[in-house]
2 protein chains.
Amino acid sequence: MSEADLTTEQLILEAAKKVFILKGLDGTRMQEIADEAGINKSLLHYYFRSKDKLFEVIFKETVMSFAPRIFGVLNSQISLFEKIELFADTYIDLLIQNPFIPGFLVNEVAKNPYRFVAILKMNGVHPNIMRNQIRKEVEAGIIRPMKAEDLMANLISLCVFPFIAKNIFSSMLDMSEEDYMLFLAARKTEIPTFIINSIKLNKDAKTIV
Amino acid sequence: MSEADLTTEQLILEAAKKVFILKGLDGTRMQEIADEAGINKSLLHYYFRSKDKLFEVIFKETVMSFAPRIFGVLNSQISLFEKIELFADTYIDLLIQNPFIPGFLVNEVAKNPYRFVAILKMNGVHPNIMRNQIRKEVEAGIIRPMKAEDLMANLISLCVFPFIAKNIFSSMLDMSEEDYMLFLAARKTEIPTFIINSIKLNKDAKTIV
DNA sequence: GTCTATACTCTGATAGAC
DNA sequence: GTCTATCAGAGTATAGAC
């Protein structure tokens, strides 16, 4: 389907997503969305009634484009070490293709948590699957004693934060845009190595390098 | 000095900091700052000319309240393991007292990187001190081979991100506000344990628990 | 230095022709 | 469904009295 074949509604949604993610709810002007979509400003209201309603649609769509994949990996039935490797790989790939989304999400969720919580509840998030798996691997002596919450928070923090702090890190570490993207891609394997080295107990098993 | 003794300028700065950090540059209304300070709206312009100028002052003040402490620890002359422990402890303490600042910084730096880069340059940031220290400890066989950039990014990510994603994590992990604050405080020791377990090579040395 | 009143601009939203 | 024209409200900024 070529761009000209998109319906007006789809044109608006694409344009709105682009602008909202870049500038946030407050920073976005309806005129800018209209320009980006190549249509008239009043059409935005014709299709979506108000700026808030339009934002709501984009926000939900954005969360839903992420949440199932993320929770799918966390809730899958593979071993913990495999899960950590798979999570870092798929998640960072996703973020490389959509680098602005984490910042957008974090920012808008901070301003209005209820919007996000409602979507989570609709999707039935189950942190207990991961919690139980970690507890079992601790009891089995595969990993050292550790709270599941910390391990989950660490995994996600290590993957996501370097995307959010891209401008801060790259200027602090004096890296070019290009170098920084390579740095992020390399973390797909670096992060699992880092975590598994920290938690595994059978130090004689083959070391992941 | 009681609150009544504050000069009008100080009143404005306090109020502006509060509102800007909570709502960001775009989301903040001059009227709201004036109300918060208990003064007239036009006084804001009398003291700071424009909204942008006022924001600039707050932003710089906020960065400067953080940067010296953070870079001070990273550049200090203590051992790497001590540095990791000291960093997590002082940084997380700081964030517990100012939980909204990281989100504010990340958000505003993402929208306008130049403002931040200018302040960094003024303060002469030296990532090489930390880089050299890590390289030396790798060569000495104290820690496993690892890029300094990854270790620094990991340390900062693990400390900061759970504050930025507070609303996301606490609803995902089904924790109350109070539980989450305890969780964050416990990470002052949890994070160094996690990192040092991952990077230390002499596995026979006393384990940090 | 501080206040009131107001000018000017921008933006979200609506009315109405086609 | 799409466009032009326009309104109402909010926001930043300024003028001027005290």
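Every chain is numbered from 1 and lettered A, B, ... according to where its sequence line falls, protein lines coming before strand lines.
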ask   = In residues 22-36 of chain B, which ones come under 4.0 Å of DNA chain D, going by heavy atoms?
value = B:Thr28, B:Arg29, B:Met30
request  = Run the numbers on B:Glu82 and B:Ser79 for side chain to side chain donor-acceptor pair (under 3.5 Å), then give the verdict.
outcome  = CA-CA 5 Å; B:Glu82 285 173 320; B:Ser79 81; 3.2 Å; yes
remark   = By nearest-nucleotide position on DNA chain C, the 5'-leaning member of B:Ser42 and A:Lys51 is B:Ser42
message = Nearest whole Å is fine: how far is D:dA13 C1' from B:Leu54 CG?
response = 14 Å
request  = Please confirm whether B:Phe163 and B:Phe100 have ring centers closer than 6.0 angstrom.
outcome  = no
request  = Measure the acute angle between the ring planes of A:Tyr180 and A:Phe183, then classify it against the limits of 30° and 60° as parallel, tilted or perpendicular.
outcome  = tilted
request  = Quick one: label B:Ser50 by what it contacts on the DNA or RNA (base, sugar-phosphate, nothing), any heavy atom closer than 4.0 Å.
outcome  = sugar-phosphate
Least distance between heavy atoms, B:Gly24 atom then B:Thr28 atom = O-OG1, 2.7 Å
task = Take the protein atom CG of B:Leu44 and the nucleotide atom C1' of D:dA13, then report the distance between them rounded to whole Å.
result = 11 Å
ask   = What integer distance in Å separates B:Asp52:CG from D:dA13:C1'?
value = 12 Å
key: Touch class at under 4.0 angstrom, heavy-atom based, for A:Phe48 against every strand present   = nothing
inquiry  = Suppose we screen for ring-ring contact (aromatic ring centres under 6.0 Å, His included). Which residues come up paired with A:Phe116, at least two apart in sequence or across chains?
reply    = none
note = The single option from B:Met64, B:Lys17, B:Glu108 that satisfies side chain to side chain contact (heavy atoms under 4.5 Å, CB included) with B:Phe59 is B:Glu108
inquiry  = Would you say B:His45 places a side-chain N or O within less than 4.0 Å of OP1 or OP2 belonging to D:dA13?
reply    = yes
note = Separation of D:dC7 atom P from A:Lys41 atom NZ, nearest Å, is 14 Å
task = Answer with yes or no after comparing the ring centroid distance for A:Phe20 and A:Phe104 against a 6.0 Å cut-off, counting only values under it.
result = no
remark   = Partner of A:Glu56 under salt bridge (charged side-chain N to carboxylate O under 4.0 Å, His left out), picked from A:Lys51, A:Arg49, A:Arg115, is A:Arg115
key: Whole-Å distance separating the CZ atom of B:Arg49 from the P atom of D:dA13   = 9 Å
Donor on one side chain, acceptor on other, A:Asn154 and B:Arg187, under 3.5 Å = yes
query = With sugar-phosphate meaning primed atoms plus P, OP1 and OP2, does A:Tyr47 contact a base, only sugar-phosphate, or nothing at under 4.0 Å between heavy atoms?
reply = sugar-phosphate
message = Taking any atom closer than 4.0 angstrom to a non-hydrogen atom of chain B, what span of DNA chain C does the protein reach, first nucleotide to last?
response = C:dG1 to C:dT4
